[in-house]
There are 2 protein chains.
Amino acid sequence: MKKHNFSAGPSILPRVVLEQASKAILNFNNLDLSLIEISHRSADFVAVMEKAQQLTLNLLGLENKGYSVLFLQGGASLEFLMVPYNLMKENGKAAYIDTGVWSSKAIKEAKLLGNVETVASSKDKNYSYIPKNFSIPQDAEYVHCTSNNTIFGTQIKTFPKTDMPLVCDMSSDIFSRVLDFSQFDLIYAGAQKNMGPAGTTLVVVKDEILGKTGRTIPSMLDYQVHINSESMYNTPSVFAVYVSMLTLQWLKDLGGLAAIEKMNNAKAKLLYDEIDTNPNFKGTAAIEDRSHMNVTFLIEDTEKAASFDKLCKEAGISGIKGHRSVGGYRASIYNAMPLESVQALVDIMKKI
Amino acid sequence: MKKHNFSAGPSILPRVVLEQASKAILNFNNLDLSLIEISHRSADFVAVMEKAQQLTLNLLGLENKGYSVLFLQGGASLEFLMVPYNLMKENGKAAYIDTGVWSSKAIKEAKLLGNVETVASSKDKNYSYIPKNFSIPQDAEYVHCTSNNTIFGTQIKTFPKTDMPLVCDMSSDIFSRVLDFSQFDLIYAGAQKNMGPAGTTLVVVKDEILGKTGRTIPSMLDYQVHINSESMYNTPSVFAVYVSMLTLQWLKDLGGLAAIEKMNNAKAKLLYDEIDTNPNFKGTAAIEDRSHMNVTFLIEDTEKAASFDKLCKEAGISGIKGHRSVGGYRASIYNAMPLESVQALVDIMKKI
Ligand SMILES: Cc1ncc(COP(=O)(O)O)c(C=O)c1O
Ligand SMILES: Cc1ncc(COP(=O)(O)O)c(C=O)c1O
Ligand SMILES: [Mg+2]
Ligand SMILES: [Mg+2]
Ligand SMILES: [Mg+2]
Ligand SMILES: [Mg+2]
């Protein structure tokens with residue numbers, strides 16, 4: 001049965017990528033060896049790593065602008081710790097924008113290393129909007145934000161203007177839209193939404209912001225150590241990097257961020273229009289802050305919810321249960337999600 | 001062409017495991033979804049994680065003995081940091097046995113957190129032997145050793161007897177032989193030798209040794225945080241955990257550690273016997289400390305080396321170049337390596 005996979009992460013990947021990955025497990029590059037049993041220092045894998053790095057810079061428009069690309073382990077959650085370790089002086093200060101569970105987890109780890117000023121928060125309304133019009137203290141060493149709030153279905157459309165290094169957790173919307181990525185000094189993202197399988201984390205960092213804290217940083221937490229070794233300081237997550245490279249190549253072949261943004265906008269419009277016009281459904285996020293990746297909504301009538309669930313199941317729709325902190329539904333419509341799958345969901349909504 | 005893959009890591013995996021993994025990328029558990037696009041919190045993946053944990057305890061003979069099993073990200077290299085963070089008091093002391101590059105990297109990270117006493121080292125002879133007859137200071141908080149030295153081809157046969165928590169980096173020989181694993185209080189191992197693909201790290205820890213340092217530990221570095229969330233504090237490296245589970249099941253079906261130890265001994269004997277009887281080859285490790293996983297040897301005559309290289313290439317033998325710090329050759333003969341591949345190598349050695 002054809003499935004429509006709305007999972008929030010790990011999540012849908014392009015079919016052609018899955019097919020290539022499946023083959024590489026048996027025989028990679030016609031080596032008569034599996035991708036996962038060759039040395040990460042072999043020429044064949046080093047080429048994969050380099051290509052993944054080049055594609056990243058190319059897609060983000062950051063080639064020759066002083067950025068390094070890393071594929072690390074640990075997930076975005078380890079970045080919550082690595083960011084302050086690398087950017088915050090002992091007893092230094094950082095400014096964080098609190099737009100959801102992931103922002104607040106980032107804040108929690110940063111507090112272990114210095115002073116964190118939460119310059120804005122939407123916690124007062126269960127993170128249903130993006131705070132605007134806040135000011136950033138002049139003595140902060142960096143500003144941290146979360147571009148897309150996977151759980152709450154909100155997305156930052158305009159980023160803070162600041163002279164300080166701007167750090168962004170883009171785990172759930174990287175590579176989904178055109179932005180001036182040079183406004184960021186450090187971007188990180190767990191692979192398992194728009195980029196690949198779980199197991200690798202992308203970090204794009206402007207070299208000049210590193211090495212300024214005076215801290216002794218443990219090797220595995222030190223971006224400069226990983227940069228110096230081209231993401232091979234220790235054994236990288238070979239399979240996850242390979243599949244990410246394939247996905248980035250797929251995206252480039254499709255036309256890059258401009259092309260995918262158009263498709264993502266069309267999918268989001270289709271779904272939000274139905275939520276807005278259908279009296280049985282209600283969006284949970286402030287309209288101007290709605291995410292084009294994670295669409296959160298409620299059905300207030302519990303009987304209708306039961307029949308919606310049943311119809312979804314029959315249609316092969318999976319992964320749309322909302323996160324417990326919001327309830328209701330969450331349809332994640334990442335890059336690899338085709339319009340037809342969103343249409344399949346909307347068709348069911350129309351029957352409610 | 002049939003390849004004989006002697007790579008030191010990532011390294012050979014059982015063919016049946018590769019076939020199952022390749023299929024799961026396209027359709028996992030007949031869900032009509034890929035293994036790598038479903039939620040890590042789905043019942044299907046939670047079952048994989050639990051099975052991997054159970055198989056680990058079962059194979060090591062540690063069921064119901066107060067141990068927890070974790071599958072983390074970061075590689076064994078991140079464990080070099082996590083071990084002292086979790087076990088060493090502020091300004092505390094730990095005893096390390098220095099048997100190679102990996103031990104000394106572990107020592108380097110531990111020194112960032114406290115006092116490290118290197119109680120024994122074989123650095124004086126380029127790590128070609130395992131030091132014996134050393135004493136451990138009574139005020140150490142734990143003792144750290146490396147069971148198998150992947151680069152230098154040595155292996156600890158008898159472990160230090162101590163009342164302190166005994167920690168062991170088993171990255172390159174875990175699941176390869178019968179040991180009383182209950183003598184260890186914490187075992188860790190990057191998956192990419194005997195267990196699976198790169199991207200996950202096994203940690204087996206005796207619960208009672210945790211929580212005694214008084215330190216505030218960053219969430220991602222805190223074993224207790226990961227234990228409380230059953231290795232799902234954040235998104236685990238789904239594919240690497242799945243393939244590890246398959247490999248552990250393969251090992252169990254084969255007869256477990258007693259069965260694989262017999263096979264590993266036979267492979268090692270075949271190769272070391274040839275090294276010892278053939279005048280063209282010379283082993284680099286002290287005979288009583290020789291590794292049954294990584295067999296390091298030299299050819300002193302450079303012309304003979306060239307013809308050996310040529311014959312190896314023609315026979316499909318790959319991955320036997322020695323590490324630069326030893327030179328010569330290293331044949332890694334991990335669990336999944338069949339006797340026939342070792343025989344193929346020995347056949348060539350006989351021609352030299
Ligand atoms: C925005 C965001 N940040 C961070 C994370 C945590 O990522 P990981 O599980 O890779 O640590 C997630 C996971 O869903 C996320 O959506
Ligand atoms: C004994 C030993 N310890 C640690 C490591 C480092 O492992 P990782 O690359 O997973 O960090 C290795 C890698 O080969 C190893 O052989
Ligand atoms: Mg700026
Ligand atoms: Mg409505
Ligand atoms: Mg003991
Ligand atoms: Mg000899």
Side-chain angles (χ1 to χ4, degrees), chain A residues 1-3 5 7-13 18-19 21-26 31-40 42 72-78 80-81 105 108-109 112-113 190 192 196-201 216 218-221 233-240 243 316 318-319 336, chain B residues 1-3 5 7-13 18-19 21-26 31-40 42 72-78 80-81 105 108-109 112-113 190 192 196-201 216 218-221 233-240 243 316 318-319 336:
Chain A
M1 178 190 197
K2 160 97 184 114
K3 286 285 168 69
N5 178 14
S7 174
S11 49
I12 189 166
L13 291 170
L18 295 176
E19 278 160 10
S22 172
K23 275 187 196 147
I25 297 297
L26 295 177
L31 295 172
D32 292 318
L33 289 167
S34 168
L35 166 74
I36 61 175
E37 58 173 10
I38 62 170
S39 171
H40 56 295
S42 64
L72 304 180
Q73 290 191 57
S77 299
L78 191 60
F80 297 163
L81 178 65
K105 288 199 170 187
K108 184 177 167 215
E109 301 310 313
L112 300 177
L113 297 187
Q192 65 271 9
T200 191
T201 313
T216 307
S219 309
M220 282 294 291
L221 304 182
Y233 174 69
N234 75 324
T235 319
S237 194
V238 166
F239 176 78
V243 179
S318 73
Chain B
M1 177 189 197
K2 159 100 184 107
K3 286 285 169 67
N5 178 13
S7 175
S11 49
I12 188 165
L13 291 170
L18 295 176
E19 279 160 8
S22 173
K23 275 187 196 147
I25 297 297
L26 295 177
L31 296 172
D32 291 318
L33 288 168
S34 169
L35 166 73
I36 61 175
E37 57 173 9
I38 61 170
S39 171
H40 57 295
S42 63
L72 304 180
Q73 289 191 58
S77 299
L78 191 60
F80 297 163
L81 179 64
K105 288 199 169 184
K108 185 178 165 215
E109 301 310 312
L112 299 176
L113 297 187
Q192 66 272 11
T200 191
T201 313
T216 308
S219 309
M220 281 294 290
L221 304 182
Y233 174 70
N234 75 325
T235 320
S237 193
V238 166
F239 176 78
V243 179
S318 74

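Below, chains carry the letters A, B, ... as their sequence lines are ordered, and counting in each starts from 1. The model shown is predicted, which means the values in this text are computed figures rather than measured ones.
- Separation of atoms CD (Q73(A)) and OG1 (T200(B)) is listed at 8.0 Å; rounding is to 0.5 Å.
- Distance check, rounded to the nearest 0.5 Å: OG of S34(B) to CD of E19(A) gives 11.0 Å.
- Between chain B and the options S77(A), P197(A), G319(A), heavy-atom pairs under 4.5 Å are most frequent for S77(A).
- With a threshold of 4.5 angstrom between heavy atoms, S219(B) approaches chain A through its backbone and through its side chain.
- At a 4.5 Å heavy-atom cutoff, the contact between K105(B) and chain A is made by side-chain atoms alone.
- In this structure, the side chains of N234(B) and L78(A) stay at 4.5 Å or more apart for every pair of heavy atoms.
- Chain B forms more heavy-atom pairs under 4.5 Å with one residue of T216(A), I38(A), V238(A) than with any other, namely I38(A).
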Intermediate values then yes/no, side-chain contact (heavy atoms from CB on, under 4.5 Å), K2(A) and D32(B): CA-CA 7 Å; K2(A) 160 97 184 114; D32(B) 291 318; over 6 Å; no

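- Of the two parts of L81(A), only the side chain, counted from C-beta on, holds a non-hydrogen atom closer than 4.5 Å to a non-hydrogen atom of chain B.
- The CG atom of L35(A) sits 11.0 Å away from the OG atom of S22(B) when rounded to the nearest 0.5 Å.
- With a 4.5 angstrom heavy-atom cutoff, S7(B) touches chain A only via side-chain atoms.
- When each of E37(B), K108(B), M220(B), Q192(B) is checked for heavy-atom pairs under 4.5 Å with chain A, E37(B) comes out on top.
- For the set P10(B), G199(B), S237(B), the count of heavy-atom pairs under 4.5 angstrom toward chain A peaks at P10(B).
- Atom-to-atom distance recorded for F239(A):CZ and I25(B):CD1 is 3.5 Å, nearest 0.5 angstrom.
- Only the side chain of L112(B) has a heavy atom closer than 4.5 Å to any heavy atom of chain A.
- Distance CD/E109(A) to CG/L221(B): 8.0 Å, rounded to 0.5 Å.
- Looking at S318(B), the atoms closer than 4.5 Å to chain A (heavy atoms on both sides) all sit in the side chain, from C-beta outward.
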